[in-house]
Novice: 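Pasting a structure below so you can have a look.
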Amino acid sequence: MAEDKPKPAATATENGEADATTKPENGSKQQRKGRDDQKPIEELYDLSKPIPRVEKPNKVEHDAKLDSMNAEFEKLKTQKNKVQEKIEAAMGAGKNTEMGKAKDAMQALRSKKGKLIEEKRSIRAKLDALKAQGDKLVKDKKDAKSTIRFTSVQEIDAEIAKLQRQQETTSMSLNEEKKLIKEMDALKASKEKIKDVKEKDLGLEDVKKQRTIINNLIKDKDKEIDAITKEMDVIGAKMKAMSEKETDKKSSLDGLFKERDKLKKDISALLKAKDNLRDEYRKKQNVWWDYQRAVKAQKKIQYEEEKKKREEERQAYLKKLEEEELKKIPYEEEQALCDYLADYLERTYVNDGAAAEDTKVVAKKEDIVAVKDDPFAGFTPVTKKTEEEYFGKGKGKKKRQRAPKKAEAAGPFVLSVDSFEQFGLIGLNPPTSLEGVPQSIKELREKKEWYKQQPRGSVPTAKDIRKQNEKNAAKLRQDTSASGSSSGGKGGGGGKFTLSSDEFVPLGKGASATVDASSWGQKPAAAAEAPPAAAEET
């Protein structure tokens, strides 16, 4: 009978005909997820040696092979579909025959029988649930009975009345009376347990009734299933007799089935080859990826070694600078700055620039180099006063009488911004008037002597103060820009800095409000001599 049953049409899943052109979903995510569990790169490569180069797999070539396999897959799939259509046509041609009618009847009986079996299973599940419920009630009832001595409320009331008479008619100690009262309370509490036991008894009776009903339903389903089985046996015998007469049709169907099975095998082999190609490409990709990881790890190690080496060189350089600094006189720069500022004030404001002019003349004479073997030795320049002939005609012009220069008005006392900063580096206030210059010179000389007496590192150096001033200025610029953007450009001037503004303050350390600031921010009448940089003089 099994030979006469036509083979059902195979599904795409059974044939292995998953869409060959569709790549697995989340394939790249799964591959990346697998890389989280990969081996440490130190186990795959020796990072202390040169790493052999690994070429990246050719994805274009791999995709071309996949496309070729996909085309072959579509071709085989088309052939198999054609064979499947022939099978369905041959099987559909016999539906109106006696064999077709018998097969339809057999199929209907099978469906009905399967439905009855499912109904029987659901009823059996209900019966199992009722059995479990009854077992639980029996257990609970047994546990409740184990804690009580009486089986009815009347027996408990009689025992309580007995104990009450004993309490009223019998003399006893206080402890005995307490014990008696406790026993009566326990008997009263056991009444609830008696009620609980009775409720469980009622529940058990109900469960037994429901189990009886369900057992009857199961018996009825068994009878129906047996009746359908007998009908199926009758129809099966008829189909067996008719199948012996349709041998030619059966042989043609068998040929189509074999052809379809062969195409299925070819499709499965092609899909397996395709999977192998993908696995091989994935392996090469993983090897290349490990190579990339090894190169990055090796570069990182080399970078760390180079960084460590640079740090060691930097520390050695700083140590050398520190040793050279220790060889120097403590606060040598500050002492030189004190001398420079004191000399500048004396030369500019105390000696009226005379000493400066003498120094310039001496310097110019020292810079002159005598010429040896001068070809123009003995020559004198021609002048109108000494020579009779001159390269020119006519009478000479009269000398123009120039008006004597007016004495320049003495301007206000002015110091450059650099001088303010230099005074601030040594913690002194700059002079604000000509009368204060001698006192500032005295303070500078005393400051120099004070620096000589200070041990190394006891007070901040000019370099330290300069760095701190730069940090404060940068922070002030940031705060000013932030406040200017938040205020929307209020205050006029667009945030530009002017010396005549009330916000200008001297750069000297410890400047007080008593200092005369009448000349700050004003344009001087005549340009004062600006002191050269302290670094040039030192």
Novice: If we only count heavy atoms from C-beta on, is the L76 to Q79 side-chain gap below 4.5 Å?
Specialist: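 In contact.
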
Novice: For E322, is the CD atom crowded, meaning more than 12 foreign heavy atoms sit under 6.0 Å from it?
Specialist: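 Count not over threshold, so no.
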
Novice: Check whether any side-chain heavy atom of W288 lies under 4.5 Å from a side-chain heavy atom of E55, and answer yes or no.
Specialist: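 No. Closest side-chain heavy atoms not under 4.5 Å.
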
Novice: Taking C-beta and beyond as the side chain, do E312 and K308 meet within less than 4.5 Å on heavy atoms?
Specialist: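 Yes, close enough: below the 4.5 Å cut-off.
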
Novice: On a heavy-atom basis, which atom in M106 and which in M232 lie closest, and how many Å separate them?
Specialist: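 Smallest interatomic distance, heavy atoms only, reads CE-O, 3.3 Å.
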
Novice: Could you walk me through whether M69 and K65 pass side chain to side chain contact (heavy atoms under 4.5 Å, CB included), step by step?
Specialist: CA-CA 6 Å; M69 289 185 173; K65 291 180 180 180; 5.6 Å; no

Novice: Taking the side chain as C-beta and beyond, is there a heavy-atom pair between R53 and Y291 under 4.5 Å?
Specialist: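 Heavy-atom side-chain distance check passes, below 4.5 Å.
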
Novice: If you define the side chain from C-beta out and look only at heavy atoms, does anything of K80 sit under 4.5 Å from D266?
Specialist: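 They are not in side-chain contact.
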
Novice: Quick one: does Q478's side chain have a donor or acceptor within less than 3.5 Å of a partner on A473's backbone?
Specialist: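 No, because the side chain of Q478 does not come within donor-acceptor range (under 3.5 Å) of the backbone of A473.
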
Novice: What's the separation between atom CD in E176 and atom CG in L174, rounded to the nearest 0.5 Å?
Specialist: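 Nearest 0.5 Å value for the CD-CG distance: 10.0 Å.
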
Novice: Measuring from atom CG of D220 to atom CG of N215, what distance do you get when rounded to the nearest 0.5 angstrom?
Specialist: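 If I round to the nearest 0.5 Å, the distance is 11.0 Å.
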
Novice: Hey, are K475 and D479 close enough for a salt bridge, meaning a charged N less than 4.0 Å from a carboxylate O?
Specialist: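 Looking at K475 and D479, the cut-off is not met.
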
Novice: So which atom in R278 and which in H62 form the shortest heavy-atom distance, rounded to 0.1 Å?
Specialist: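 Minimum heavy-atom separation between R278 and H62: CA-CE1, 4.0 Å.
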
Novice: Run the side chain to side chain contact (heavy atoms under 4.5 Å, CB included) check on R165 and K162 step by step: do they pass?
Specialist: CA-CA 5 Å; R165 285 195 302 272; K162 179 181 176 182; 4.0 Å; yes

Novice: For residues L425 and A462, report the shortest heavy-atom separation together with the two atoms involved.
Specialist: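 Looks like CD2-O, 3.7 Å.
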
Novice: With a 3.5 Å cut-off and no angle check, do the side chains of Q302 and E306 form a donor-acceptor pair?
Specialist: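 There is no such pair between these side chains.
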
Novice: Would you call D128 and R124 a side-chain contact if the rule is heavy atoms closer than 4.5 Å?
Specialist: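 When only atoms from C-beta onward are counted, R124 and D128 do touch, with a gap below 4.5 Å.
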
Novice: So, R282 and D279, do they make that salt bridge, N to O below 4.0 Å?
Specialist: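 Result for this pair is yes, salt bridge flagged.
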
Novice: Can you tell me how far the CG atom of N70 sits from the CD atom of E72, to the nearest 0.5 Å?
Specialist: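 It is 11.0 Å, given to the nearest 0.5 Å.
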
Novice: If you measure only the distance, is there a donor-acceptor pair under 3.5 Å linking the side chains of S48 and D46?
Specialist: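 S48 vs D46: donor-acceptor pair found between side chains.
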
Novice: Given 3.5 Å as the limit, does a donor-acceptor pair link the side chain of T212 with the main chain of K208, or not?
Specialist: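 Yes, T212 side chain to K208 backbone: donor-acceptor pair under 3.5 Å.
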
Novice: Judged by modelled atom types alone, do Q210 and D206 share a side-chain donor-acceptor pair under 3.5 Å?
Specialist: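 Indeed, the side chains of Q210 and D206 share at least one donor-acceptor pair under 3.5 Å.
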
Novice: Is any side-chain heavy atom of K59 closer than 4.5 Å to one of Y281?
Specialist: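 Answer yes - side chains close enough.
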
Novice: Please evaluate residues R314 and R310 with respect to the criterion side chain to side chain contact (heavy atoms under 4.5 Å, CB included), reporting the C-alpha separation (whole Å), side-chain torsions for both, the decisive distance (0.1 Å), and the verdict.
Specialist: CA-CA 6 Å; R314 178 176 171 274; R310 289 197 301 268; over 6 Å; no

Novice: Which heavy-atom pair separates I228 from L109 by the least distance, and what is that distance?
Specialist: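 In this case the closest contact between I228 and L109 is CG2-O, 3.6 Å.
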
Novice: What heavy-atom pair brings L47 and I301 nearest, and what distance separates the two atoms?
Specialist: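 That closest heavy-atom pairing would be CD1-CD1, 3.6 Å.
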
Novice: So, for Y331 and G457, which heavy atoms are closest and what is the spacing to 0.1 Å?
Specialist: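 Heavy-atom minimum between the residues: OH-N, 3.2 Å.
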
Novice: Between CG of L318 and CD of E311, what distance do you get to the nearest 0.5 Å?
Specialist: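 Spacing of CG (L318) from CD (E311) equals 8.0 Å.
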
Novice: Strictly below 4.0 Å, N to O, side chains only: are D290 and R293 in salt-bridge contact?
Specialist: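 Result for this pair is yes, salt bridge flagged.
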
Novice: Count the heavy atoms of every other residue, nucleotide or ligand shown that sit under 6.0 Å from NZ of K221, and state whether that count exceeds 12.
Specialist: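 More than 12 within 6.0 Å, yes.
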
Novice: Quick one about E85 and N81 (side-chain donor to acceptor, distance below 3.5 Å, no hydrogens or angles considered), yes or no?
Specialist: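 The answer is no; no qualifying pair exists.
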
Novice: For residues T461 and I465, determine if any side-chain heavy atom of one lies less than 4.5 Å from a side-chain heavy atom of the other.
Specialist: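 No, too far: nothing below the 4.5 Å cut-off.
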
Novice: Inspect the contact between R121 and E118 and indicate whether a charged nitrogen and a carboxylate oxygen are less than 4.0 angstrom apart.
Specialist: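 A salt bridge links E118 with R121.
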
Novice: To the nearest 0.5 angstrom, please state how far the CD1 atom of I87 sits from the CD atom of E259.
Specialist: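 Reported to 0.5 Å precision, the distance equals 8.0 Å.
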
Novice: Any chance you could measure I225, atom CD1, to K115, atom NZ, to the nearest 0.5 Å?
Specialist: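 Reported value, rounded in 0.5 Å steps: 13.0 Å.
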
Novice: Output yes when E333 and R466 qualify as a salt bridge under the 4.0 Å nitrogen-oxygen rule, no when they do not.
Specialist: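 Salt bridge flag = yes for R466 with E333.
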
Novice: Between V295 and K299, does the side chain to side chain contact (heavy atoms under 4.5 Å, CB included) criterion hold? Intermediate values first, please.
Specialist: CA-CA 6 Å; V295 170; K299 287 182 178 179; 3.7 Å; yes

